[in-house]
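Have a look at the structure below, then the notes.
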Number of protein chains: 2
Amino acid sequence: MKLITRDIDYSIRALAYIAKNNSDKISVTKLVKETKIPRPFLRKILQTLGREGLLESFKGKFGGFKLNKSPNDIYLLDLFEIFQDKFDFNKCIFKKKICPNTKDCVLKEKLDHIGEMVKREFGKISLQSIIEGR
Amino acid sequence: MKLITRDIDYSIRALAYIAKNNSDKISVTKLVKETKIPRPFLRKILQTLGREGLLESFKGKFGGFKLNKSPNDIYLLDLFEIFQDKFDFNKCIFKKKICPNTKDCVLKEKLDHIGEMVKREFGKISLQSIIEGR
DNA sequence: ATTAAATGATACTAAATTTGTATCATTATA
DNA sequence: TATAATGATACAAATTTAGTATCATTTAAT
Ligand code: FES
Ligand code: FES
């Protein structure tokens with residue numbers, strides 16, 4: 001099971017670079033040079049990060065991207081919620097015949113609980129902390 | 001992201017049924033009737049559960065499967081380790097250029113920690129507890 | 001105005017993984 | 001000896017993930 005998909009991986013790398021150079025607008029061209037991420041894929045990713053409000057985008061010549069929030073306010077959890085469609089750990093798996101109690105299934109409850117735990121942890125990992133290595 | 005894959009889902013259902021009827025040997029034919037799981041897929045799954053030591057198998061006519069351990073000694077974690085190839089949450093994602101410190105990368109450490117947490121939790125969920133709904 | 005270099009939107013394709021099938025060999029019981 | 005089961009393993013379909021391509025629009029410099 002992969003927790004960090006390519007989308008998220010590339011997002012972190014790109015965001016990290018942009019954050020470190022946040023005085024400039026950073027173009028995809030620049031990012032591709034720096035990170036070797038496949039161009040059209042990176043483009044798609046940045047476009048969604050823009051739509052989702054993590055990045056501000058500037059069109060036209062000498063355009064590019066900047067952070068739209070402080071690196072202290074961007075969390076790994078955000079990326080998971082953007083790229084892992086709503087990040088659902090727990091899906092009802094039993095049918096009536098087997099599952100002991102359909103109404104409030106223990107298994108589901110427990111998985112739910114684990115999911116919440118993980119979310120909380122991802123909610124603690126900020127872009128800033130990743131950049132700083134703290 | 002799916003935590004419970006089909007393999008695991010079906011395993012739980014099958015194990016639950018077998019556990020509830022553990023005086024008999026349960027054949028795939030019986031299980032298919034009871035659970036509606038696709039026959040050849042279920043067969044493959046039970047074969048691996050056998051190899052991995054969760055089930056004891058009996059060949060020949062009137063053969064089938066029995067638990068090889070008490071339902072108290074079978075944990076969700078076992079299934080994850082069997083079906084989610086070694087269940088690795090954390091894979092190094094950065095290249096030198098971006099990642100702050102390659103040696104002891106923070107992000108990797110943090111993901112590792114989360115992985116351990118989740119494992120611990122899965123290690124607490126026994127087949128017995130699922131059957132009982134406790 | 002025109003050109004160049006960027007992003008926006010979106011449809012498409014390829015690769016990988018997950019899910020499921022099929023088949024043949026072996027074993028045990030009646 | 002026939003039947004009904006599992007063992008091993010190769011194959012195929014479906015889905016998801018990863019990546020590409022294209023056209024329209026915007027902006028800045030000349
Ligand atoms: S897993 Fe959904 S009712 Fe038990
Ligand atoms: S994620 Fe591997 S070195 Fe940072």
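In this text, all values refer to a predicted model and were calculated from it rather than measured experimentally. Residue numbers begin at 1 in each chain, while the letters A, B, ... track the order of the sequences.
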Whole-Å distance separating the CG atom of A:L55 from the P atom of C:dT7: 11 Å
With distance as the sole test, does A:N72 use its side chain to make a donor-acceptor pair with the main-chain N or O of A:Q128 at under 3.5 Å? no
From CZ of B:R6 over to C1' of D:dA13, roughly how many Å is that when rounded to an integer? 14 Å
Between CG of B:D9 and P of C:dT18 the distance, given in whole Å, is 15 Å
Which pairs, protein N/O on one side and nucleotides 27-30 of chain D N/O on the other, fall under 3.5 Å?
unit_1	atom_1	unit_2	atom_2	d
D:dT27	O2	A:K61	N	2.8

Return the set of residues passing side chain to side chain contact (heavy atoms under 4.5 Å, CB included) with B:K44 (not counting sequence neighbours), or none when no residue passes. B:F41
Interatomic distance where NZ belongs to A:K66 and P belongs to C:dA6 [whole Å]: 17 Å
Has B:T29 got a side-chain N or O lying under 4.0 Å from the OP1 or OP2 atom of D:dA5? yes
Show me the donor-acceptor pairs, under 3.5 Å and distance only, between side chains in residues 21-32 of chain A and residues at least two apart or in other chains.
unit_1	atom_1	unit_2	atom_2	d
A:N21	ND2	A:Y17	O	2.8
A:N22	OD1	A:L67	N	3.2
A:K25	NZ	A:F62	O	3.4
A:S27	OG	A:T29	N	3.4
A:S27	OG	A:K30	N	3.1
A:T29	OG1	A:R39	NH2	2.7
A:K30	NZ	A:Y17	OH	3.2

Indicate whether OP1 or OP2 belonging to D:dA18 is found under 4.0 Å from a side-chain N or O atom of A:Y10. no
Rounding to 0.5 Å, atoms CG (B:L79) and CD1 (B:I45) come to a distance of 10.0 Å
Side chain of B:F65 (C-beta onward), nearest among D:dA18, C:dT7, D:dT6: D:dT6
Given atom CD1 of B:I37 and atom C1' of C:dT21, what is their separation to the nearest angstrom? 16 Å
Roughly how far apart are A:I8 CD1 and A:L76 CG, rounded to 0.5 Å? 7.0 Å
Rounded to the Å, how far apart are A:D7 CG and D:dG19 P? 9 Å
Please check the phosphate of D:dA4 (OP1 and OP2 only) for any side-chain N or O of B:S27 closer than 4.0 Å. no
Assign B:P38 to base, sugar-phosphate, or nothing according to its heavy-atom contacts below 4.0 angstrom with the strands shown. sugar-phosphate
A:I125 and B:I114, any side-chain heavy atoms less than 4.5 Å apart: yes
Taking side chain to side chain donor-acceptor pair (under 3.5 Å) as the test, write out the residues that go with B:Y10, two or more places apart. B:R6
Using the side chain to side chain donor-acceptor pair (under 3.5 Å) criterion, which residues pair with B:Q47? Sequence neighbours excluded. none
Taken to the nearest whole Å, CZ/A:F83 to C1'/D:dG19 is 14 Å
Within residues 41-53 of chain A, residues whose heavy atoms come under 4.0 Å of DNA chain D: A:F41, A:R43, A:K44
Value in whole Å for how far the C1' atom of D:dA5 lies from CG of B:L31: 13 Å
Atom CZ of A:F83 and atom CG of A:L49: how far apart are they, to the nearest 0.5 Å? 4.5 Å
